[in-house]
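Below you'll find the structure, written out as structure tokens, and then a few comments.
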Amino acid sequence: MIENGREFEFSYKGNLCFISGSETQKEVSLWIDKTEYAFDNIENLAESKVFDNKSLLEIWNDIEIETLF
């Protein structure tokens, strides 16, 4: 869905996070409280350890979904 232009907003440990396609750096960006992390693809984002040295896949059950645009 992200690769087709959708955007995903969620909270993790009180931090607002946002995933969207990126037109400025790489294919997809993850924003965590105004800090951008850019990735070549959604798979790299999902596997990167950017959440307290854990991946999105590892914290999935701990997030609170806010909005899916």
Side-chain angles (χ1 to χ4, degrees):
M1 294 172 70
I2 300 297
E3 293 168 337
N4 291 322
R6 303 294 296 251
E7 299 174 347
F8 179 59
E9 188 175 294
F10 62 96
S11 296
Y12 174 68
K13 290 189 172 181
N15 295 310
L16 184 60
C17 305
F18 184 81
I19 298 173
S20 69
S22 175
E23 296 178 9
T24 58
Q25 292 195 24
K26 296 189 178 186
E27 283 293 313
V28 64
S29 290
L30 165 67
W31 293 82
I32 303 173
D33 286 338
K34 300 181 184 178
T35 300
E36 181 181 14
Y37 301 87
F39 300 92
D40 290 327
N41 55 53
I42 195 72
E43 291 83 14
N44 288 352
L45 182 155
E47 295 171 355
S48 293
K49 306 232 179 218
V50 295
F51 300 94
D52 300 327
N53 205 31
K54 295 180 182 178
S55 71
L56 180 60
L57 298 174
E58 293 173 305
I59 67 158
W60 186 257
N61 291 328
D62 299 323
I63 69 170
E64 183 175 325
I65 296 172
E66 302 287 339
T67 307
L68 177 62
F69 298 98

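Keep in mind the model is a prediction, meaning the values are calculated, not measured. One-based numbering along the sequence shown.
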Notebook entry, point to check: Is the shortest side-chain N to carboxylate O distance from Asp52 to Lys13 below 4.0 Å?
Noted result: yes
Notebook entry, point to check: Would you say the side chain of Asn44 lies within less than 4.5 Å of the side chain of Val28, judging by non-hydrogen atoms?
Noted result: no
Check: Can you name the closest pair of heavy atoms from Ala46 and Ser55 and give their distance?
Finding: O-CB, 3.3 Å
Notebook entry, point to check: Transitively linked via ILVMFWY side-chain contacts under 4.5 Å: Leu57 with Ile65?
Noted result: no
Item checked: Heavy atoms from other residues, nucleotides or ligands near NZ of Lys49 exceed 12 (cutoff 6.0 Å) -> yes
Margin query: Using 0.5 Å steps for rounding, measure from the CZ atom of Phe8 to the CD1 atom of Ile42.
Written below: 9.5 Å
Margin query: If you compare all heavy atoms of Val50 against all heavy atoms of Ile32, which two are closest, and at what distance to 0.1 Å?
Written below: O-CD1, 4.1 Å
Notebook entry, point to check: Which residues pass the side chain to side chain contact (heavy atoms under 4.5 Å, CB included) test with Glu9, sequence neighbours left out?
Noted result: Leu16, Phe18, Glu66, Thr67, Phe69
Notebook entry, point to check: Does the side chain to side chain contact (heavy atoms under 4.5 Å, CB included) test come out yes or no for Leu56 and Leu30, once each step is laid out?
Noted result: CA-CA 10 Å; Leu56 180 60; Leu30 165 67; over 6 Å; no
Checklist line | Contacts of type side-chain hydrogen bond (donor to acceptor under 3.5 Å, both in side chains), residue Asn53, not counting sequence neighbours | finding: none
Note to self: Can a donor-acceptor pair be found, under 3.5 Å and without considering hydrogens, that links the side chain of Ser11 to the backbone of Gly14?
What the structure shows: no
Next item on the list: Name the orientation class of the two ring planes belonging to Tyr12 and Phe51 (parallel below 30°, tilted from 30 to 60°, perpendicular beyond 60°).
Entry: perpendicular
Check: Can you check whether Phe39 and Tyr37 have ring centres sitting under 6.0 Å from each other?
Finding: no
